[in-house]
Colleague: 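Questions regarding the structure given below will be posed in turn.
All ligand and atom numbering here is 1-based and tracks the order in the structure.
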Amino acid sequence: MLSTTEIGLIKATVPILREHGLLLTQHFYKRMFQYNPELRNTFNMGNQQNGTQQTALALAVLAYAENIENPGVLLPVLQRIGDKHTSLQITAEQYDIVGAHLLASIGEVLGDAATADLIAAWAKAYGQLADLMINLEKSIYLEKASVPGAWTGWRKFIIDKKVPESEEITSFYLRPEDGLEVVQHQPGQYLSIKVFVPAVGIYQPRQYSISSAPDAAYYRISVKKEQGNEEKEAGTVSNLLHAQLEEGAVIEATTPAGDFVLSTEHSTPLVLLSAGVGQTPFISILDFLTKSDQQRQVKWAHACRSENVHAFREQINAWQMEHDWFEHVVFYENIESSTKDNVLSKDSRSGRMNVAEITEMLLIPEAEYYLCGPKPFIEKAINDLSALGVDRKKLFFEEFGPQTIQLN
Ligand SMILES: Cc1cc2nc3c(=O)[nH]c(=O)nc-3n(C[C@H](O)[C@H](O)[C@H](O)COP(=O)(O)OP(=O)(O)OC[C@H]3O[C@@H](n4cnc5c(N)ncnc54)[C@H](O)[C@@H]3O)c2cc1C
Ligand code: HEM
């Protein structure tokens with residue numbers, strides 16, 4: 001237990017963390033990779049380059065300091081982090097390494113302001129948080145090991161089939177090399193995969209939402225090729241998957257993870273809002289619902305740049321024709337660049353997604369709202385839906401990177 005004095009010391013760092021938290025976490029990661037370069041195989045180095053992981057950690061450290069008297073309120077957040085950690089096989093021992101670098105970084109960044117008492121208080125506070133997370137992660141590992149098809153650690157999967165779904169999204173059908181059963185995921189969950197990147201000589205993990213219905217034999221992921229431009233480099237793993245890892249190649253994966261899942265205990269109407277490759281968890285949800293024919297009311301609004309990059313278009317249209325409980329509308333930002341013969345159907349609109357245009361479709365009493373896409377898209381959707389009176393408790397979202405959006 002932290003003493004009142006120690007709690008006071010931690011709380012006194014809140015304003016500093018609010019202003020300089022990012023500086024602290026940037027320093028922390030630089031230091032950790034310098035002293036423990038092997039961890040570059042465990043972290044997503046793309047997220048280090050674009051700064052999202054440093055931001056996510058800074059927000060987590062700040063939230064912890066702010067709630068130091070009652071860290072229990074952070075449990076939903078910690079559960080999410082624990083899900084990500086366990087999907088990456090983080091161990092209890094690694095908490096000591098992270099703790100040592102975090103405390104050293106506090107000292108190095110704060111300089112003279114980091115008194116011995118302050119460092120001692122943070123050491124105790126970190127220990128308390130680490131214990132909480134290690135126990136939480138232990139129970140996640142145990143729970144995951146207890147379901148049919150479960151495995152521990154990284155398991156080898158063969159890329160059985162590669163299927164282009166649009167100009168830039170390709171599906172990968174992954175079958176376990178050992179030919180045994182796999183865990184049937186909950187629709188909406190992701191798979192952490194790991195590939196060796198020859199250009200930098202390290203392994204790199206990434207997460208991909210499973211884009212198929214639960215199945216004991218295989219998983220399907222659908223990956224967007226992240227092209228580079230003057231401002232950003234081309235994505236490492238997505239390009240490797242698209243261009244170099246052919247059918248028959250082997251990659252590794254851990255068991256499905258994530259809490260952005262369809263709740264199946266009740267049949268509440270669902271409203272899905274996605275942009276770009278953010279459609280993948282919803283493809284899994286629809287594939288599941290249509291196969292089980294649950295007759296649950298589903299409205300799905302999707303946005304993408306043009307028809308050429310709109311993956312799964314034919315499949316979604318077919319679902320819509322077959323099931324009267326499912327309605328789909330798509331916004332094409334750039335109609336002119338569409339080269340498909342298909343003219344716009346009544347369900348296609350031009351421009352960016354405009355919630356005002358489809359308010360009637362979206363506002364369903366009791367509905368749950370699932371949002372997935374780039375950060376600005378999710379933020380706008382949250383604001384638009386909140387302005388229409390949708391309760392924030394009914395909003396669920398998934399960022400395709402470290403979580404940096406906070407609901408309150
Ligand atoms: C839960 C979850 C589910 C996901 N599901 C999917 C999915 O279904 N399909 C899918 O395609 N993706 C999905 N993603 C995203 C995926 O994990 C990868 O982030 C994505 O494929 C990009 O990885 P990459 O290695 O190609 O790019 P990275 O090399 O990781 O680069 C990421 C981005 O950073 C930019 N970047 C690179 N270097 C720099 C630099 N120096 N400065 C600034 N920016 C830079 C790149 O241009 C790129 O845009 C998901 C992510 C999460 C967390
Ligand atoms: C109390 C200590 C820790 C805190 C507060 C913490 C916090 C976080 C947060 C907030 C995220 C982002 C989650 C998301 O995707 O939204 C994350 C991801 C991650 N953490 Fe931790 N973490 C801690 C300890 C550790 C340890 C000990 C390791 C082991 C090396 C570790 C490795 C990782 C990795 C590899 C990721 C994914 C990074 C990425 O995808 O870019 N963390 N952590």
Colleague: What protein heavy atom is closest to atom 8 (C) of ligand 2, reported as residue, atom name and distance in Å?
Modeller: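 For atom 8 (C) of ligand 2, the nearest protein heavy atom comes out as Ile81 CG2, 3.5 Å.
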Colleague: To the nearest 0.1 Å, how far is atom 7 (C) of ligand 2 from its closest protein heavy atom, and which atom is that?
Modeller: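 Atom 7 (C) of ligand 2 sits closest to the protein heavy atom Leu57 CD1, 3.6 Å.
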Colleague: Is there a nitrogen or oxygen of Lys224 sitting under 3.5 Å from a nitrogen or oxygen of ligand 1?
Modeller: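 Yes, at least one N or O pair falls under 3.5 Å.
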Colleague: Using 30° and 60° as the class boundaries, would you call the ring planes of Phe326 and His328 parallel, tilted or perpendicular?
Modeller: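 Plane angle between 30° and 60°, so tilted.
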Colleague: Counting only heavy atoms, which portion of Thr236 has something under 4.0 Å from ligand 1: side chain, backbone, both, or neither?
Modeller: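 Near ligand 1, Thr236 shows its backbone as well as its side chain.
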Colleague: Does Ser222 approach ligand 1 within less than 4.0 angstrom via side chain, backbone, both or neither, non-hydrogen atoms only?
Modeller: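 The answer is the backbone.
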Colleague: Stepwise, does the salt bridge (Lys or Arg N to Asp or Glu O under 4.0 Å) test hold for Glu398 with Arg80?
Modeller: CA-CA 11 Å; Glu398 177 107 288; Arg80 206 200 121 81; 3.6 Å; yes
Colleague: Find all atoms of ligand 1 within a distance of less than 4.0 Å from any non-hydrogen atom belonging to Val277, and give their numbers and elements.
Modeller: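 The list of qualifying atoms is 9 (N), 10 (C), 11 (O).
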Colleague: Considering distance alone, does some N or O of Gln227 sit under 3.5 Å from an N or O of ligand 1?
Modeller: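 No: no nitrogen or oxygen of Gln227 is under 3.5 Å from one in ligand 1.
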Colleague: Give me the nearest non-hydrogen protein atom to atom 26 (C) of ligand 2 as residue plus atom name, then the distance to 0.1 Å.
Modeller: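 For this ligand atom, the closest protein heavy atom is Val98 CG2, 3.5 Å.
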Colleague: Compute whether any side-chain donor of one residue and acceptor of the other, for Thr254 and Gln89, lie under 3.5 angstrom apart.
Modeller: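 Short answer, no.
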Colleague: For the residue pair Gln53 and Tyr29, confirm or rule out a side-chain donor-acceptor distance under 3.5 Å.
Modeller: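 Indeed, the side chains of Gln53 and Tyr29 share at least one donor-acceptor pair under 3.5 Å.
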Colleague: Is the centre of the Phe172 ring less than 6.0 Å from the centre of the Tyr208 ring?
Modeller: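 Ring centroids of Phe172 and Tyr208 are no less than 6.0 Å from each other.
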Colleague: Taking the minimum heavy-atom distance to atom 24 (C) of ligand 2, which of Glu398, Met32, His85 ranks first?
Modeller: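 Residue with the shortest heavy-atom distance to the ligand atom: His85.
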Colleague: Which bit of Met133 is near ligand 2, meaning a heavy atom under 4.0 Å away: side chain, backbone, both or neither?
Modeller: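 It is the side chain that touches ligand 2; the backbone stays farther off.
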Colleague: Just distances here: any N/O of Ser209 and N/O of ligand 1 closer than 3.5 Å?
Modeller: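 Yes, there is a polar N/O contact under 3.5 Å.
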Colleague: Can you sort out which atoms of ligand 2 are near Leu88, meaning under 4.0 Å from one of its heavy atoms?
Modeller: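 Here the atoms of ligand 2 in question are 35 (C), 36 (C), 37 (C).
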Colleague: Within the 4.0 Å heavy-atom shell around Ala60, which atoms of ligand 2 are there?
Modeller: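 Those of ligand 2 that fall under 4.0 Å from Ala60 are 10 (C).
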Colleague: Which of the atoms of ligand 2 are close to Asn47, meaning less than 4.0 Å from one of its heavy atoms?
Modeller: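 Those of ligand 2 that fall under 4.0 Å from Asn47 are 39 (C), 40 (O), 41 (O).
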Colleague: Any side-chain heavy atom of Leu286 sitting closer than 4.5 Å to one from Ile316?
Modeller: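 No, every pair of side-chain atoms sits at 4.5 Å or beyond.
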Colleague: Would the distance check show the side chain of His185 and the main-chain N or O of Ser212 forming a donor-acceptor pair, the cut-off being under 3.5 Å?
Modeller: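 Yes, the answer is positive, given that a donor and an acceptor are paired below the 3.5 Å cut-off.
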Colleague: Looking only at side chains, do Gln320 and Asp347 share a donor and an acceptor under 3.5 Å apart?
Modeller: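 Note: Gln320 and Asp347 side chains meet the donor-acceptor criterion.
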Colleague: How does Gln53 reach ligand 2, if at all, at less than 4.0 Å between non-hydrogen atoms: by side chain, backbone, both, or neither?
Modeller: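 For Gln53, only side-chain atoms sit under 4.0 Å from ligand 2.
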Colleague: Could you check whether Asn36 and Glu38, counting side-chain N and O atoms only, form a donor-acceptor pair closer than 3.5 Å?
Modeller: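 Yes, side-chain donor-acceptor contact under 3.5 Å.
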Colleague: Return the option from Gln204, Gln279, Arg206 holding the heavy atom at the smallest distance from atom 18 (C) of ligand 1.
Modeller: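 Among Gln204, Gln279, Arg206, the closest heavy atom to atom 18 (C) of ligand 1 belongs to Arg206.
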Colleague: Taking a cutoff of less than 4.0 Å between a non-hydrogen atom of the residue and any ligand atom, is Gly228 in contact with ligand 1?
Modeller: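 It does not; every heavy atom stays at 4.0 Å or beyond.
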Colleague: If you have a sec, work out which protein heavy atom is nearest atom 16 (O) of ligand 2 and how many Å separate them, to one decimal?
Modeller: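 In this structure, atom 16 (O) of ligand 2 has Gln403 N, 2.7 Å as its nearest protein heavy atom.
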Colleague: Do Leu289 and Leu270 have side-chain heavy atoms sitting under 4.5 Å apart?
Modeller: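 Side chain of Leu289 against side chain of Leu270, heavy atoms only: contact under 4.5 Å found.
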Colleague: Over 60° means perpendicular and under 30° means parallel, so tell me whether His310 and Tyr332 are parallel, tilted or perpendicular.
Modeller: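 Answer is perpendicular, since the angle exceeds 60°.
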Colleague: Strictly by modelled atom types, are Glu165 and Ser171 linked by a side-chain donor-acceptor pair under 3.5 Å?
Modeller: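 There is such a pair between these side chains.
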Colleague: Among the heavy atoms of Tyr64, does any lie under 4.0 Å from an atom of ligand 2?
Modeller: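 So Tyr64 does not count as touching ligand 2.
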Colleague: Kindly confirm or rule out an N or O of Gln207 lying under 3.5 angstrom from an N or O of ligand 2.
Modeller: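 The answer is no, given that Gln207 and ligand 2 share no N or O pair closer than 3.5 Å.
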Colleague: If only atom types and distance count, is the side chain of Lys299 paired as donor or acceptor with the main-chain N or O of Val329 below 3.5 Å?
Modeller: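 Looks like no, no N/O pair under 3.5 Å.
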Colleague: Identify, for atom 32 (C) of ligand 2, the protein heavy atom at the shortest distance, and state residue, atom and that distance.
Modeller: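 Going atom by atom, the protein heavy atom closest to atom 32 (C) of ligand 2 ends up being Phe43 CZ, 3.2 Å.
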Colleague: Side chain or backbone, does Tyr95 bring an N or O within less than 3.5 Å of an N or O on ligand 2?
Modeller: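 It does not: no N or O of Tyr95 is found under 3.5 Å from an N or O of ligand 2.
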Colleague: How about Phe260 and Phe396: are their ring centroids closer than 6.0 Å?
Modeller: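 No - the distance between ring centres of Phe260 and Phe396 does not fall below the 6.0 Å cut-off.
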Colleague: Counting heavy atoms only, which of Glu226, Glu233, His242 is nearest atom 46 (C) of ligand 1?
Modeller: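 Considering heavy atoms of Glu226, Glu233, His242, the nearest to atom 46 (C) of ligand 1 sits in Glu233.
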Colleague: May I ask you to check if ligand 2 and Lys84 share an N or O to N or O distance below 3.5 Å?
Modeller: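 There is such a contact, yes.
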Colleague: Evaluating non-hydrogen atoms only, which member of Ile90, Leu129, Val77, Leu102 is closest to atom 1 (C) of ligand 2?
Modeller: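 When every heavy atom of Ile90, Leu129, Val77, Leu102 is considered, Leu129 comes closest to atom 1 (C) of ligand 2.
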Colleague: Indicate whether any N or O donor in one side chain lies under 3.5 Å from an N or O acceptor in the other, for Thr52 and Asn50.
Modeller: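 Result is yes, a qualifying pair exists.
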Colleague: What atoms of ligand 1 come within less than 4.0 Å of a heavy atom belonging to Thr280?
Modeller: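 Within the 4.0 Å cut-off of Thr280, ligand 1 contributes 7 (C), 8 (O).
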Colleague: Please verify whether a non-hydrogen atom of Glu399 lies at under 4.0 Å from ligand 2.
Modeller: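 No, that is not the case, since the closest heavy atom of the residue is not under 4.0 Å from the ligand.
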Colleague: Going by the order shown, which atoms of ligand 1 are within less than 4.0 Å of some heavy atom of Glu398?
Modeller: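 Those of ligand 1 that fall under 4.0 Å from Glu398 are 1 (C).
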Colleague: Return a yes/no value for Val223: is any of its N or O atoms, backbone included, closer than 3.5 angstrom to an N or O of ligand 1?
Modeller: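 So ligand 1 has no N or O lying under 3.5 Å from an N or O of Val223.
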Colleague: Can you list the ligand 2 atoms lying under 4.0 Å from a non-hydrogen atom of Thr42?
Modeller: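 Ligand 2 atoms under the 4.0 Å threshold to Thr42: 35 (C).
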Colleague: Are side-chain heavy atoms of Leu88 and Gln207 found at a separation under 4.5 Å?
Modeller: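 SC-SC contact between Leu88 and Gln207 confirmed.
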Colleague: Would Arg352 and Glu333 count as a salt bridge (Lys or Arg N to Asp or Glu O under 4.0 Å) if you check the C-alpha gap in whole Å, the side-chain angles of each, and the deciding distance to 0.1 Å?
Modeller: CA-CA 5 Å; Arg352 291 192 160 203; Glu333 191 176 338; 3.4 Å; yes
Colleague: When you measure from atom 42 (N) of ligand 1 to each heavy atom in Gln189, Lys225, Gln49, which option holds the nearest one?
Modeller: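 Answer by nearest heavy atom: Gln49.
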Colleague: Just by distance, with hydrogens left out, do Glu322 and Thr290 show a side-chain donor and acceptor under 3.5 Å apart?
Modeller: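 No pair is found: no donor N or O on one side chain lies under 3.5 Å from an acceptor on the other.
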Colleague: Which atoms of ligand 2 are found less than 4.0 Å from any heavy atom of Pro402?
Modeller: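 In order of number, 14 (C), 15 (O), 16 (O).
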Colleague: Quick check: Tyr126 and ligand 2, any N/O pair under 3.5 Å apart?
Modeller: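 No, there is no polar N/O contact under 3.5 Å.
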Colleague: I need the atoms of ligand 2 closer than 4.0 Å to a non-hydrogen atom of Arg80, numbered in the order shown.
Modeller: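 Listed by number with element: 14 (C), 15 (O), 16 (O).
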Colleague: One residue to check: Gln94. Relative to ligand 2, which of side chain, backbone, both or neither has a non-hydrogen atom less than 4.0 Å away?
Modeller: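 Both of them.
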Colleague: Taking Thr42's backbone N and O only, do any of them form a donor-acceptor pair with Lys194's side chain (distance below 3.5 Å, no angle check)?
Modeller: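 No, Lys194 side chain to Thr42 backbone: no donor-acceptor pair under 3.5 Å.
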Colleague: Measure up the Phe157 and Tyr219 rings against each other and bin them: parallel (under 30°), tilted (30 to 60°), perpendicular (over 60°).
Modeller: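 Aromatic pair Phe157/Tyr219 classed tilted.
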Colleague: Is it the case that the side chains of Ser211 and Arg220 hold a donor-acceptor pair, with the cut-off being a distance below 3.5 Å and no angle test?
Modeller: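 Result is yes, a qualifying pair exists.
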Colleague: Examine Glu399 against ligand 1 and note whether any of their N/O atoms are separated by less than 3.5 Å.
Modeller: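 For ligand 1, there is no N or O atom that lies under 3.5 Å from one belonging to Glu399.
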Colleague: For ligand 1, is any non-hydrogen atom under 4.0 Å from Tyr190's backbone (N, CA, C, O), its side chain (CB onward), both, or neither?
Modeller: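 Answer for Tyr190: side chain.
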